[in-house]
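Report on the following structure.
The first residue in the sequence is number 1, and the count goes up from there.
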Amino acid sequence: MAQESGEDCATSDELSFIHDAVLLPETVAAVLGVKSLPPQKDATKGQNSLQMSGIYVDATFGRGGHSRLLLSHLADDAKLIVFDKDPTAISVAKELASTDSRVHVVHDSFATLTSSLATLGITQVDGLMADLGISSPQIDDGSRGFSFMRDGAVDMRMDTSRGQSVAEWLEKVDDETLANVLYEFGEERHSRRIARAIKQMDSYESTLELAEVIKIAHPNWQRGKHPATQSFQAMRIFINNELGDVDDFLAQSIPILKPGGQLAVISFHSLEDRRIKQFLQRHSKGQYPEDENLPMPPKRPRYFSKPKRVGPSKAEISHNPRSRSAWLRLATRTDSDYLPDVEQ
(Lines give C-alpha, C1' and ligand atoms only; values in the text may rest on other atoms or scores of the structure.)
Protein backbone atom coordinates (compact mmCIF):
# COMPACT_ATOMS: atom_id res chain seq x y z
CA MET A 1 0.00 0.00 0.00
CA ALA A 2 1.11 3.60 0.12
CA GLN A 3 1.03 7.00 1.74
CA GLU A 4 0.37 10.27 -0.01
CA SER A 5 2.60 13.31 0.16
CA GLY A 6 2.60 16.61 -1.64
CA GLU A 7 5.63 15.62 -3.70
CA ASP A 8 4.58 12.10 -4.66
CA CYS A 9 1.05 12.96 -5.72
CA ALA A 10 1.83 15.84 -8.04
CA THR A 11 2.00 13.37 -10.90
CA SER A 12 0.44 13.41 -14.35
CA ASP A 13 -2.91 11.83 -15.07
CA GLU A 14 -1.09 9.18 -17.09
CA LEU A 15 0.24 7.73 -13.84
CA SER A 16 -3.17 7.51 -12.18
CA PHE A 17 -4.25 4.03 -11.12
CA ILE A 18 -0.81 2.52 -11.74
CA HIS A 19 0.13 0.45 -8.71
CA ASP A 20 3.58 -0.91 -7.99
CA ALA A 21 3.44 -3.64 -5.36
CA VAL A 22 5.98 -2.71 -2.69
CA LEU A 23 8.68 -5.15 -1.54
CA LEU A 24 7.22 -7.62 -4.01
CA PRO A 25 9.80 -10.44 -4.29
CA GLU A 26 10.82 -10.03 -0.66
CA THR A 27 7.26 -10.49 0.59
CA VAL A 28 6.46 -13.46 -1.63
CA ALA A 29 9.73 -15.15 -0.68
CA ALA A 30 8.94 -14.56 3.00
CA VAL A 31 5.43 -16.00 2.83
CA LEU A 32 6.79 -19.07 1.03
CA GLY A 33 9.56 -19.50 3.61
CA VAL A 34 12.50 -19.17 1.20
CA LYS A 35 15.43 -16.77 1.27
CA SER A 36 14.82 -15.54 -2.27
CA LEU A 37 12.81 -16.35 -5.37
CA PRO A 38 14.43 -17.99 -8.39
CA PRO A 39 14.99 -15.60 -11.30
CA GLN A 40 12.13 -15.53 -13.78
CA LYS A 41 13.18 -15.88 -17.41
CA ASP A 42 9.67 -15.40 -18.75
CA ALA A 43 6.02 -15.64 -17.75
CA THR A 44 5.63 -19.29 -18.80
CA LYS A 45 3.79 -21.15 -16.06
CA GLY A 46 6.07 -23.43 -14.14
CA GLN A 47 9.38 -22.15 -15.53
CA ASN A 48 11.66 -21.16 -12.66
CA SER A 49 8.71 -21.69 -10.35
CA LEU A 50 8.99 -23.12 -6.84
CA GLN A 51 5.74 -25.07 -7.38
CA MET A 52 4.81 -24.91 -3.70
CA SER A 53 1.73 -26.71 -2.44
CA GLY A 54 -0.37 -25.57 0.50
CA ILE A 55 -2.89 -22.92 1.44
CA TYR A 56 -1.93 -19.24 1.43
CA VAL A 57 -3.71 -15.98 2.25
CA ASP A 58 -3.26 -12.53 0.75
CA ALA A 59 -5.13 -10.51 3.37
CA THR A 60 -5.01 -7.26 1.34
CA PHE A 61 -5.40 -8.09 -2.35
CA GLY A 62 -5.38 -4.51 -3.67
CA ARG A 63 -4.67 -4.86 -7.38
CA GLY A 64 -3.13 -8.29 -6.96
CA GLY A 65 0.58 -7.64 -7.44
CA HIS A 66 1.70 -9.84 -4.55
CA SER A 67 -0.95 -12.46 -5.31
CA ARG A 68 0.05 -12.84 -8.95
CA LEU A 69 3.73 -13.33 -8.17
CA LEU A 70 2.82 -15.77 -5.40
CA LEU A 71 0.58 -17.74 -7.76
CA SER A 72 3.47 -18.08 -10.23
CA HIS A 73 5.31 -20.07 -7.55
CA LEU A 74 2.40 -22.22 -6.38
CA ALA A 75 1.58 -25.73 -7.57
CA ASP A 76 -1.69 -26.61 -9.27
CA ASP A 77 -3.06 -28.16 -6.07
CA ALA A 78 -2.37 -25.05 -3.95
CA LYS A 79 -4.99 -22.55 -2.80
CA LEU A 80 -4.83 -18.78 -2.43
CA ILE A 81 -7.50 -16.98 -0.43
CA VAL A 82 -7.59 -13.22 -1.06
CA PHE A 83 -9.31 -10.63 1.15
CA ASP A 84 -10.17 -6.99 0.52
CA LYS A 85 -12.70 -4.41 1.71
CA ASP A 86 -12.56 -2.37 -1.48
CA PRO A 87 -15.27 -3.26 -4.07
CA THR A 88 -12.97 -2.28 -6.95
CA ALA A 89 -10.21 -4.54 -5.63
CA ILE A 90 -12.73 -7.35 -5.28
CA SER A 91 -13.77 -6.92 -8.93
CA VAL A 92 -10.13 -7.32 -9.96
CA ALA A 93 -9.77 -10.35 -7.68
CA LYS A 94 -12.85 -12.00 -9.17
CA GLU A 95 -11.45 -11.52 -12.66
CA LEU A 96 -8.29 -13.31 -11.54
CA ALA A 97 -10.31 -16.08 -9.89
CA SER A 98 -12.28 -16.60 -13.10
CA THR A 99 -9.05 -17.60 -14.86
CA ASP A 100 -7.31 -19.38 -11.95
CA SER A 101 -9.24 -21.97 -9.94
CA ARG A 102 -6.68 -21.78 -7.12
CA VAL A 103 -7.97 -18.31 -6.16
CA HIS A 104 -10.87 -17.81 -3.72
CA VAL A 105 -12.16 -14.30 -3.03
CA VAL A 106 -13.48 -12.86 0.26
CA HIS A 107 -15.04 -9.38 0.22
CA ASP A 108 -14.40 -8.43 3.82
CA SER A 109 -11.81 -7.14 6.24
CA PHE A 110 -8.92 -9.38 7.22
CA ALA A 111 -10.24 -8.97 10.75
CA THR A 112 -12.72 -11.71 9.77
CA LEU A 113 -9.82 -14.04 8.91
CA THR A 114 -10.75 -17.01 11.10
CA SER A 115 -14.50 -16.99 10.46
CA SER A 116 -14.18 -16.32 6.73
CA LEU A 117 -11.69 -19.16 6.27
CA ALA A 118 -13.91 -21.45 8.35
CA THR A 119 -16.75 -20.93 5.86
CA LEU A 120 -14.37 -22.28 3.21
CA GLY A 121 -13.54 -25.30 5.38
CA ILE A 122 -10.06 -23.98 6.21
CA THR A 123 -8.74 -24.00 9.76
CA GLN A 124 -5.00 -23.49 9.14
CA VAL A 125 -2.81 -22.08 6.39
CA ASP A 126 0.82 -22.32 5.30
CA GLY A 127 1.43 -18.64 4.68
CA LEU A 128 -0.18 -15.31 5.45
CA MET A 129 0.74 -11.93 3.97
CA ALA A 130 -0.71 -8.42 4.26
CA ASP A 131 0.15 -5.02 2.79
CA LEU A 132 -1.42 -2.53 5.17
CA GLY A 133 -2.83 0.94 4.65
CA ILE A 134 -4.05 2.57 1.47
CA SER A 135 -3.11 1.62 -2.09
CA SER A 136 -1.87 3.94 -4.83
CA PRO A 137 -5.03 3.46 -6.96
CA GLN A 138 -7.17 4.50 -3.99
CA ILE A 139 -5.09 7.64 -3.48
CA ASP A 140 -4.98 8.49 -7.17
CA ASP A 141 -8.75 8.18 -7.60
CA GLY A 142 -9.95 11.56 -6.29
CA SER A 143 -13.56 10.37 -6.11
CA ARG A 144 -12.67 8.04 -3.22
CA GLY A 145 -11.85 10.99 -0.96
CA PHE A 146 -8.45 9.78 0.23
CA SER A 147 -6.43 12.42 -1.61
CA PHE A 148 -5.77 16.00 -0.56
CA MET A 149 -4.25 16.65 -4.01
CA ARG A 150 -7.26 15.62 -6.12
CA ASP A 151 -10.78 16.84 -5.47
CA GLY A 152 -13.59 14.50 -4.53
CA ALA A 153 -16.24 13.70 -1.96
CA VAL A 154 -14.97 13.47 1.63
CA ASP A 155 -15.59 9.72 1.86
CA MET A 156 -12.41 7.76 2.72
CA ARG A 157 -14.19 4.43 3.23
CA MET A 158 -12.24 1.40 2.09
CA ASP A 159 -15.55 -0.38 1.57
CA THR A 160 -17.96 2.05 -0.05
CA SER A 161 -20.81 -0.45 0.29
CA ARG A 162 -21.11 -0.06 4.07
CA GLY A 163 -20.50 2.28 7.01
CA GLN A 164 -20.48 6.07 7.29
CA SER A 165 -18.24 8.37 5.29
CA VAL A 166 -15.86 10.87 6.87
CA ALA A 167 -18.18 13.68 5.74
CA GLU A 168 -21.11 12.12 7.59
CA TRP A 169 -18.95 11.65 10.67
CA LEU A 170 -17.64 15.22 10.59
CA GLU A 171 -21.20 16.57 10.55
CA LYS A 172 -21.87 14.90 13.90
CA VAL A 173 -18.57 14.79 15.78
CA ASP A 174 -17.67 17.42 18.40
CA ASP A 175 -14.44 19.42 18.42
CA GLU A 176 -12.83 17.53 21.27
CA THR A 177 -13.47 14.07 19.82
CA LEU A 178 -12.20 15.17 16.41
CA ALA A 179 -9.05 16.62 17.99
CA ASN A 180 -8.44 13.38 19.86
CA VAL A 181 -8.78 11.37 16.62
CA LEU A 182 -6.34 13.66 14.79
CA TYR A 183 -3.84 13.31 17.61
CA GLU A 184 -4.20 9.58 18.25
CA PHE A 185 -4.38 8.30 14.66
CA GLY A 186 -2.42 11.02 12.87
CA GLU A 187 0.04 12.02 15.59
CA GLU A 188 -0.93 15.59 14.73
CA ARG A 189 0.49 17.95 17.37
CA HIS A 190 -1.80 20.80 16.33
CA SER A 191 -4.93 18.66 16.49
CA ARG A 192 -7.08 21.03 18.57
CA ARG A 193 -6.43 24.03 16.38
CA ILE A 194 -7.13 22.03 13.22
CA ALA A 195 -10.25 20.41 14.69
CA ARG A 196 -11.74 23.82 15.51
CA ALA A 197 -11.11 25.01 11.97
CA ILE A 198 -12.69 21.90 10.45
CA LYS A 199 -15.80 22.21 12.60
CA GLN A 200 -16.26 25.82 11.44
CA MET A 201 -16.69 24.68 7.82
CA ASP A 202 -20.17 25.06 6.30
CA SER A 203 -20.05 21.68 4.56
CA TYR A 204 -17.78 18.71 3.92
CA GLU A 205 -18.28 18.10 0.21
CA SER A 206 -14.77 18.66 -1.15
CA THR A 207 -11.46 17.09 -0.15
CA LEU A 208 -9.56 20.06 -1.58
CA GLU A 209 -11.62 22.50 0.50
CA LEU A 210 -11.03 20.38 3.61
CA ALA A 211 -7.30 20.19 2.87
CA GLU A 212 -7.13 23.97 2.37
CA VAL A 213 -8.83 24.63 5.73
CA ILE A 214 -6.33 22.33 7.43
CA LYS A 215 -3.46 24.01 5.58
CA ILE A 216 -4.53 27.48 6.74
CA ALA A 217 -5.05 26.29 10.32
CA HIS A 218 -1.71 24.45 10.50
CA PRO A 219 0.92 26.73 12.08
CA ASN A 220 4.01 24.72 11.20
CA TRP A 221 4.58 23.06 7.84
CA GLN A 222 7.18 20.37 7.30
CA ARG A 223 9.11 20.84 4.08
CA GLY A 224 8.03 18.43 1.34
CA LYS A 225 4.97 17.31 3.30
CA HIS A 226 1.46 18.64 2.82
CA PRO A 227 0.09 20.03 6.11
CA ALA A 228 -3.08 17.93 5.70
CA THR A 229 -1.17 14.63 5.50
CA GLN A 230 -1.51 13.59 9.13
CA SER A 231 -5.10 14.78 9.51
CA PHE A 232 -6.27 12.92 6.41
CA GLN A 233 -4.42 9.83 7.61
CA ALA A 234 -6.08 10.07 11.01
CA MET A 235 -9.62 10.40 9.65
CA ARG A 236 -9.09 7.54 7.22
CA ILE A 237 -7.66 5.22 9.86
CA PHE A 238 -10.46 6.06 12.29
CA ILE A 239 -13.37 5.70 9.86
CA ASN A 240 -12.10 2.31 8.64
CA ASN A 241 -11.08 1.02 12.09
CA GLU A 242 -7.72 0.17 10.55
CA LEU A 243 -5.71 -0.25 13.73
CA GLY A 244 -8.42 -2.34 15.39
CA ASP A 245 -8.54 -4.57 12.32
CA VAL A 246 -4.73 -4.93 12.39
CA ASP A 247 -4.82 -6.00 16.04
CA ASP A 248 -7.56 -8.56 15.33
CA PHE A 249 -5.72 -9.86 12.28
CA LEU A 250 -2.44 -10.32 14.13
CA ALA A 251 -4.09 -12.13 17.03
CA GLN A 252 -5.80 -14.52 14.59
CA SER A 253 -2.53 -15.22 12.78
CA ILE A 254 -1.37 -17.35 15.73
CA PRO A 255 -4.00 -20.12 15.57
CA ILE A 256 -4.51 -19.88 11.79
CA LEU A 257 -0.86 -20.53 10.85
CA LYS A 258 0.42 -24.08 10.81
CA PRO A 259 3.69 -24.85 12.64
CA GLY A 260 6.34 -23.64 10.20
CA GLY A 261 3.86 -21.30 8.53
CA GLN A 262 5.03 -17.85 7.52
CA LEU A 263 3.70 -14.41 8.45
CA ALA A 264 4.73 -11.42 6.31
CA VAL A 265 3.28 -7.94 6.92
CA ILE A 266 4.12 -4.64 5.21
CA SER A 267 3.37 -1.34 6.95
CA PHE A 268 3.87 2.29 5.97
CA HIS A 269 3.61 4.32 9.15
CA SER A 270 4.72 4.05 12.73
CA LEU A 271 1.28 3.38 14.22
CA GLU A 272 1.00 0.12 12.28
CA ASP A 273 4.66 -0.85 12.36
CA ARG A 274 4.85 -0.40 16.12
CA ARG A 275 1.91 -2.77 16.59
CA ILE A 276 3.44 -5.44 14.38
CA LYS A 277 6.87 -5.09 16.00
CA GLN A 278 5.49 -5.36 19.54
CA PHE A 279 3.21 -8.26 18.63
CA LEU A 280 6.04 -10.30 17.12
CA GLN A 281 8.47 -9.44 19.93
CA ARG A 282 5.93 -10.44 22.53
CA HIS A 283 5.14 -13.76 20.92
CA SER A 284 8.69 -14.63 19.87
CA LYS A 285 10.09 -14.03 23.37
CA GLY A 286 7.09 -15.12 25.40
CA GLN A 287 7.42 -11.90 27.37
CA TYR A 288 4.15 -10.20 28.23
CA PRO A 289 4.05 -6.61 29.58
CA GLU A 290 1.70 -7.57 32.40
CA ASP A 291 4.30 -10.05 33.70
CA GLU A 292 7.13 -7.53 34.11
CA ASN A 293 6.54 -6.75 37.79
CA LEU A 294 5.84 -10.31 38.88
CA PRO A 295 8.51 -11.98 41.07
CA MET A 296 8.08 -15.25 39.14
CA PRO A 297 6.60 -14.54 35.68
CA PRO A 298 4.62 -17.46 34.23
CA LYS A 299 6.11 -19.35 31.32
CA ARG A 300 4.45 -18.06 28.17
CA PRO A 301 4.37 -19.86 24.82
CA ARG A 302 6.60 -18.59 22.03
CA TYR A 303 4.43 -18.62 18.93
CA PHE A 304 6.94 -17.12 16.47
CA SER A 305 10.62 -17.38 15.67
CA LYS A 306 12.83 -14.32 16.00
CA PRO A 307 11.24 -11.75 13.65
CA LYS A 308 13.09 -10.01 10.85
CA ARG A 309 12.63 -6.62 9.25
CA VAL A 310 13.26 -5.80 5.58
CA GLY A 311 13.13 -2.40 3.89
CA PRO A 312 12.99 -1.41 0.21
CA SER A 313 16.18 -1.26 -1.79
CA LYS A 314 17.58 2.01 -3.13
CA ALA A 315 16.57 0.86 -6.61
CA GLU A 316 12.97 0.31 -5.54
CA ILE A 317 12.77 3.69 -3.79
CA SER A 318 14.16 5.34 -6.92
CA HIS A 319 11.57 3.60 -9.08
CA ASN A 320 8.69 4.01 -6.64
CA PRO A 321 9.16 6.86 -4.10
CA ARG A 322 6.03 5.78 -2.22
CA SER A 323 7.90 2.68 -1.08
CA ARG A 324 10.43 4.66 0.97
CA SER A 325 8.48 4.42 4.24
CA ALA A 326 7.64 0.73 3.90
CA TRP A 327 8.82 -1.99 6.28
CA LEU A 328 8.26 -5.72 5.89
CA ARG A 329 8.23 -7.71 9.12
CA LEU A 330 8.30 -11.49 8.91
CA ALA A 331 8.40 -14.45 11.25
CA THR A 332 7.84 -18.22 11.28
CA ARG A 333 5.16 -19.88 13.39
CA THR A 334 6.69 -22.22 15.95
CA ASP A 335 5.21 -25.57 16.99
CA SER A 336 3.96 -24.19 20.33
CA ASP A 337 0.37 -25.21 20.94
CA TYR A 338 -2.07 -22.32 20.78
CA LEU A 339 -3.54 -21.47 24.19
CA PRO A 340 -6.78 -19.55 23.60
CA ASP A 341 -7.21 -18.77 27.31
CA VAL A 342 -3.99 -16.68 27.26
CA GLU A 343 -4.60 -13.05 26.25
CA GLN A 344 -3.04 -12.40 22.85
Give a yes or no on whether the ring-centroid distance for H283 and F304 is below 6.0 angstrom. no
So which pairs with a foot in residues 247-261 pass side-chain hydrogen bond (donor to acceptor under 3.5 Å, both in side chains), sequence neighbours left out? T114-Q252, D126-K258, D247-R275
Is it true that a side-chain atom of S49 and a backbone atom of S72 form a donor plus acceptor pair closer than 3.5 Å? yes
State yes or no: are the ring centers of F238 and W169 separated by less than 6.0 Å? yes
Taking the six-membered ring where the residue is Trp, are the ring centres of F110 and F83 under 6.0 Å apart? no
In V246, L271, L243, I266, the residue satisfying side-chain contact (heavy atoms from CB on, under 4.5 Å) with L132 is V246
E242/R157 salt bridge by N-O under 4.0 Å criterion: no
Quick one: side chain to side chain donor-acceptor pair (under 3.5 Å) partners of R68, sequence neighbours excluded? none
Salt bridge or not for R329 and D273, using N-O below 4.0 Å? yes
Any Lys/Arg nitrogen of D245 or K85 sitting under 4.0 Å from an Asp/Glu carboxylate oxygen of the other? yes
Results of side chain to side chain donor-acceptor pair (under 3.5 Å) for E26 - residues two or more places apart only: none
Identify whether the distance between the nearest side-chain nitrogen and carboxylate oxygen of D77 and R102 falls below 4.0 Å. no
Cluster link I55 to Y338, ILVMFWY, side chain under 4.5 Å: yes
Approximate separation, where rounding is to 0.5 Å, of S267 OG and D131 CG: 9.5 Å
